[in-house]
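Here's the structure, in structure tokens; my notes come after.
Along the sequence shown, the residues carry numbers beginning at 1.
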Amino acid sequence: MAATAMDLDGGGVVTPGELLGNSLTLTAGRGAYADGRSVRASVTGRRRIVPPAPGSSDQRSTVEVVGHKAHGAVPQPGSVVIARVTKVMARMASADIMCVDSKAIKEKFTGMIRQQDVRATEIDKVDMYQSYRPGDIVRAVVLSLGDARAYYLSTAKNELGVVSAQSIAGGTLVPISWTEMQCDLTGQIEQRKVAKVE
């Protein structure tokens with residue numbers, strides 16, 4: 001029952017696919033669906049717990065997601081997003097999504113770029129640390145909802161990848177090839193997965 005109590009004060013915004021609770025203690029109401037033993041959100045909105053009706057044979061509370069009108073754009077599979085890289089690890093990079101299909105978003109969505117989704121060729125030779133750095137602005141496409149609150153993103157097309165970045169010295173990096181950008185202050189070259197900008 002601890003999960004139910006936690007859900008009661010968790011009035012934050014939930015997104016499609018996000019875990020709302022356990023189906024042993026909760027039933028799925030509006031804007032929610034049962035997925036095995038889990039109850040998940042099917043829409044973006046605020047989580048609300050409705051207690052069971054007095055005398056009901058089913059004593060589980062109902063969890064529903066109430067849509068809110070101010071939610072801006074929501075990433076969907078196939079959406080082109082602009083995101084800021086926040087962390088780079090050996091096998092993946094995480095990023096905060098800022099725009100979806102050229103529309104600003106009002107909620108925080110997190111994206112993950114996995115090693116196999118960085119580029120279309122020589123996937124096994126991808127070095128995440130030579131593809132992105134924290135602070136880079138990348139253009140990517142949404143592959144799927146992924147896990148928890150992170151969307152899986154891909155930059156495996158010519159027009160996808162780093163579109164704006166700052167050098168170690170604090171200058172602006174200018175693309176000079178598909179894999180290199182040059183600092184406009186020092187001339188130093190840094191490795192990136194560069195997007196082809198029209």
Q) With sequence neighbours left out, what residues match D58 under salt bridge (Lys or Arg N to Asp or Glu O under 4.0 Å)? A)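 Per chain and number, D58 pairs via salt bridge (Lys or Arg N to Asp or Glu O under 4.0 Å) with R60.
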Q. Considering residues at least two apart in sequence or located in another chain, which fulfil the salt bridge (Lys or Arg N to Asp or Glu O under 4.0 Å) criterion with R114?
A.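 Expected list: D117.
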Can you give me the closest heavy-atom contact between [X] and [Y], atom names plus distance?
{"X": "V39", "Y": "A32", "value": "CG1-CB, 4.1 Å"}
{"X": "M112", "Y": "A150", "value": "CG-CB, 3.8 Å"}
{"X": "G17", "Y": "Y33", "value": "CA-OH, 4.0 Å"}

Who passes side chain to side chain donor-acceptor pair (under 3.5 Å) against [X], sequence neighbours left out?
{"X": "T86", "answer": "S94"}
{"X": "R30", "answer": "E64"}
{"X": "Q115", "answer": "R91"}
{"X": "S131", "answer": "none"}

Q) Is V80 isolated, or which residues cluster with it under the ILVMFWY side-chain rule of less than 4.5 Å, directly or via members? A)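 Under the 4.5 Å side-chain rule, V80 groups with nothing.
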Q: Supply the members, apart from L160, of the Ile/Leu/Val/Met/Phe/Trp/Tyr cluster built from side-chain contacts under 4.5 Å; use none for a lone residue.
A: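 V141, which link up through side-chain heavy atoms under 4.5 Å apart, make up the rest of the cluster.
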With sequence neighbours excluded, what pairs up with [X] under the side chain to side chain contact (heavy atoms under 4.5 Å, CB included) test?
{"X": "A140", "result": "V81, L153, T155"}
{"X": "P52", "result": "Q59, S61"}
{"X": "S144", "result": "Y152"}

Just list the side-chain donor-acceptor pairs under 3.5 Å for residues 172-180, sequence neighbours left out, or say none.
unit_1: S177; atom_1: OG; unit_2: T179; atom_2: N; d: 3.2
unit_1: S177; atom_1: OG; unit_2: E180; atom_2: N; d: 3.1

Q) Under the 3.5 angstrom rule, does the side chain of R139 hit a backbone N or O of E159 as a donor-acceptor pair? A)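 The answer is yes, because a donor-acceptor pair under 3.5 Å joins these two groups.
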